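Count residues from 1 along the sequence. What you see is a predicted model; the values in this text were computed from it and never measured.
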Amino acid sequence: SLPPRAGGAVLRAAWARANGYRVDTRPQPGDIAVWNRNIGAGPEGHVAYVESVTQDGGVFVTEKGLDDCRDVAFVRLTPSRLSTAVFIHR
C-alpha cells in the first residue's frame, strides 16, 4: 500500500514506479487513478479509487475533492476525463 505521506497526488505515481508498482494509462478495478496538477483539484493534483471500468473506457471511481466536491462521491468519469490520468496497479 502507498504510505500516507508519499507526497501530493502528483508525486504518488513517481513513488509507486520507484517502489515496483506498475503505472500506466490503462485503468483496472482496484487501481489508484492519479491526475496532474490543476485539473479541478488544485496544485496537488488528485487521486481516486477505480471501482470499475466501463465498456467505452470510462471508469466509476470513489473520490473526494474533485471539482470542489467536499463529500466522498461515487462518480462516472468519461474517457476524455481520463486523458491526463495514470493508474497505479496493485
Discussion item. Using side chain to side chain contact (heavy atoms under 4.5 Å, CB included), reason through Val61 and Tyr49 one step at a time and then give a plain yes or no.
Written reply: CA-CA 5 Å; Val61 298; Tyr49 179 79; 6.0 Å; no

Over all atoms of both residues, closest heavy-atom pair of [X] and [Y]:
X     : Y     : result
Phe74 : Glu51 : CE1-CG, 3.5 Å
Thr25 : Ala85 : CG2-O, 4.0 Å
Ile88 : Arg12 : CD1-O, 3.8 Å
Phe60 : Arg76 : CE2-CB, 3.4 Å
Gly58 : Pro79 : N-CG, 3.6 Å
Val34 : Val47 : CG2-CG1, 4.0 Å

Worksheet item: Looking at Thr54, Val75, Thr78, Leu82, which hits side-chain contact (heavy atoms from CB on, under 4.5 Å) with Val59?
Response: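 For Val59, the side-chain contact (heavy atoms from CB on, under 4.5 Å) check succeeds only for Leu82.
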
Worksheet item: Are any side-chain N or O atoms of Trp35 and backbone N or O atoms of Ala48, one a donor and one an acceptor, separated by less than 3.5 Å?
Response: no

Discussion item. Rounded at 0.5 Å granularity, tell me how far OG in Ser83 sits from CG in Leu77.
Written reply: 11.0 Å

Discussion item. Would you say that more than 12 heavy atoms from the other residues, nucleotides or ligands in this model lie under 6.0 Å from the CZ of Arg90, or not?
Written reply: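 Atom CZ in Arg90 is not crowded, with 12 or fewer foreign heavy atoms closer than 6.0 Å.
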
Item to complete: Tell me, with the steps shown, if Val53 and Arg26 meet side chain to side chain contact (heavy atoms under 4.5 Å, CB included).
Response: CA-CA 10 Å; Val53 179; Arg26 296 181 303 276; over 6 Å; no

